[in-house]
Enquirer: 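Got a structure for you, questions after.
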Amino acid sequence: MIRTVAALNSILIIIDLAPGVRRPRLDSPFSAISPVVAMTDGPIAYERLGLEEGVVVELTPLGARALFGFPLSELGAAKVGMADLLGEDARRLLERLAETENVDRRFQILDHWLAGRLLDGPMLSKALECSWRNLTLSQGNISIAELANRAGVSRQHLTTSFHREVGLSPKTVARVARCHSAIRLITGKNPPALSTVAQLCGYTDHSHLNRDFRLLVGTTPTGLLRSGDTSTDLFLGSEIALRPQPRTGTPLELGQPLSSKGARLD
């Protein structure tokens, strides 16, 4: 099966809990063990050679900056694993997760590990944090000039510092956010006509919508909806489910506590 990961406004960590079953395509970053995948301005793909067993962690730039401790532009298209970036402590975490069979317990261990690092890690500047939130909350429908004005900095300063710290330009992040907004509309109940979707999401016309989808997702909106080939799979991020999976009834899925009160986290 070929799995394509669309352009995302999040940083992915694929925590492998079984021997690697991925073969990268077109020099993608998925060749590393438990790879860290930076935000991109287009889709990337890999070939699944068997059953994958693992955990997908999605981090906003705010969380990733705190966890890694360096500007996210340094990730780039590097083929790097979680343990390579975060050292022996991360390697021990990966081993512990692989040895733990209980799913809820795995998430408990991972949540505790992440929380301890995210809370103590370096943060984005207030100007960049404000700009990131405005971009995502507006679903990309805000001008760079307005972003700079709200952040109290020049447009040039915002663009340069945003690209360095986040890894993509504000304009690209806005395009991805706008595309995701369109995907939610066309895959939801009673989806409007594509011309209406284009208008609602801030595209100039239907052709503009199609062009952005090809660049960011790898297919047109119509192609996305018709995608029923079982030899391919498309990952759009945790907030968008193109093919909803059957519910498992786990406490995590139901929003319930993962373990009984007083359970050890360390």
Side-chain angles (χ1 to χ4, degrees), residues 3-12 37-45 56 58-64 72 124 127-151 153 155 158-159 162-163 166-229 232-245 247 255:
R3 165 163 281 195
T4 299
V5 178
L8 303 175
N9 276 337
S10 57
I11 293 84
L12 298 183
V37 184
M39 294 190 299
T40 65
D41 58 0
I44 51 179
V56 179
E58 275 190 86
L59 297 170
T60 68
L62 310 179
L72 300 181
L124 291 176
L128 292 183
E129 180 179 348
C130 173
S131 298
W132 166 261
R133 295 190 186 279
N134 283 327
L135 274 174
T136 53
L137 288 174
S138 69
Q139 299 180 331
N141 289 308
I142 184 172
S143 68
I144 307 304
E146 177 62 19
L147 279 179
N149 182 56
R150 293 186 185 185
V153 297
R155 178 172 176 168
L158 174 67
T159 299
F162 194 99
H163 194 285
V166 174
L168 292 177
S169 69
K171 184 176 179 180
T172 301
V173 169
R175 288 178 62 210
V176 175
R178 189 181 304 119
C179 180
H180 286 185
S181 176
I183 292 173
R184 291 187 185 95
L185 283 176
I186 68 174
T187 58
K189 294 182 179 179
N190 303 315
L194 290 179
S195 58
T196 303
V197 171
Q199 182 180 15
L200 291 173
C201 295
Y203 294 96
T204 55
D205 52 30
H206 191 173
S207 296
H208 185 196
L209 174 71
N210 281 344
R211 187 164 59 251
D212 257 25
F213 263 65
R214 288 193 185 97
L215 290 172
L216 299 174
V217 183
T219 185
T220 64
T222 302
L224 179 68
L225 294 174
R226 290 177 179 172
S227 179
D229 185 355
T232 62
D233 188 25
L234 179 64
F235 182 73
L236 299 164
S238 64
E239 295 185 353
I240 306 174
L242 182 60
R243 299 187 184 91
Q245 298 297 313
R247 289 190 174 274

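Only a predicted model underlies this, so the values are computations on that prediction, with no experimental measurement involved. Values reported hereafter were calculated over all heavy atoms of this structure, with side chains retained and with hydrogens, waters and symmetry mates removed.
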Enquirer: State the OG1-CG distance between Thr40 and Leu168, to the nearest 0.5 angstrom.
Expert: 7.0 Å
Enquirer: If we only count heavy atoms from C-beta on, is the Pro43 to Leu216 side-chain gap below 4.5 Å?
Expert: no
Enquirer: Sorted by first residue and then second, give each side-chain hydrogen bond (donor to acceptor under 3.5 Å, both in side chains) pair with at least one member in residues 167-177; sequence neighbours left out.
Expert: Ser169-Thr172, Arg175-Asp212
Enquirer: Give, for atom CG of Leu209 and atom CD of Gln199, the distance between the pair rounded to the nearest 0.5 Å.
Expert: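 So the gap between those two atoms works out to 12.0 Å.
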Enquirer: Would a 4.5 Å heavy-atom cut-off, applied to side chains only, mark Arg214 and Thr220 as touching?
Expert: yes
Enquirer: First locate atom OG1 of Thr4, then atom CD1 of Ile44, and finally report the distance between them rounded to the nearest 0.5 Å.
Expert: 9.5 Å
Enquirer: Looking at every non-hydrogen atom in both residues, tell me the closest pair between Gly42 and Ala7 and how far apart they are.
Expert: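 So the two residues come closest at N-CB, 3.8 Å.
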Enquirer: Can you tell me how far apart CG (Leu215) and SG (Cys179) are? Round to the nearest 0.5 Å.
Expert: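 These two atoms lie 9.5 Å from each other.
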Enquirer: Would you indicate whether the side-chain heavy atoms of Val217 and Leu234 approach each other to under 4.5 Å?
Expert: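 Yes; the side chains approach each other to less than 4.5 Å.
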Enquirer: What pairs with Asn134 under side-chain hydrogen bond (donor to acceptor under 3.5 Å, both in side chains), at least two apart in sequence or on another chain?
Expert: Arg150
Enquirer: Determine whether a donor-acceptor pair (N or O, by modelled atom type, separation under 3.5 Å) exists between the side chain of Arg178 and the backbone of Gly140.
Expert: yes
Enquirer: Does the side chain of Arg133 reach to within under 4.5 Å of the side chain of Leu62, using non-hydrogen atoms?
Expert: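 The answer is yes; the side chains approach within 4.5 Å.
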Enquirer: Please collect all ring pair (Phe, Tyr, Trp, His ring centres under 6.0 Å) contacts where either partner lies in residues 173-209, sequence neighbours excluded, each pair once.
Expert: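 As it turns out, the ring pair (Phe, Tyr, Trp, His ring centres under 6.0 Å) pairs with a partner in residues 173-209, which skip direct neighbours, are Tyr203-His208.
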Enquirer: First locate atom CG of Leu8, then atom CZ of Phe235, and finally report the distance between them rounded to the nearest 0.5 Å.
Expert: 6.0 Å
Enquirer: Taking side-chain hydrogen bond (donor to acceptor under 3.5 Å, both in side chains) as the test, write out the residues that go with Asn210, two or more places apart.
Expert: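 In terms of side-chain hydrogen bond (donor to acceptor under 3.5 Å, both in side chains), with neighbours along the sequence ignored, Asn210 is linked to no residue.
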Enquirer: Evaluate the side-chain proximity of Leu158 to Leu128: yes if any heavy-atom separation is below 4.5 Å, no if none is.
Expert: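 Heavy-atom side-chain distance check passes, below 4.5 Å.
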Enquirer: Can you sort out the partners of Ser10 under side-chain hydrogen bond (donor to acceptor under 3.5 Å, both in side chains), two or more places apart, ordered by chain and number?
Expert: Glu58
Enquirer: Check the pair Val37 / Ile11 against side-chain contact (heavy atoms from CB on, under 4.5 Å), numbers first and verdict last.
Expert: CA-CA 6 Å; Val37 184; Ile11 293 84; over 6 Å; no
Enquirer: Do the side chains of Cys201 and Leu185 get nearer than 4.5 Å, heavy atoms only?
Expert: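 A side-chain contact under 4.5 Å exists here.
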Enquirer: Mind checking whether Pro61 and Glu129 have side chains closer than 4.5 Å, heavy atoms only?
Expert: no
Enquirer: Can you sort out the partners of Thr196 under side-chain hydrogen bond (donor to acceptor under 3.5 Å, both in side chains), two or more places apart, ordered by chain and number?
Expert: none
Enquirer: Using a 3.5 Å distance criterion without hydrogens, assess whether the side chain of Ser181 forms a donor-acceptor pair with backbone atoms of Ala177.
Expert: no
Enquirer: So how far is it from Ile144 CD1 to Phe162 CZ, rounded to the nearest 0.5 Å?
Expert: 8.0 Å
Enquirer: So, do Phe213 and Leu224 sit near enough that their side-chain heavy atoms are less than 4.5 Å apart?
Expert: yes
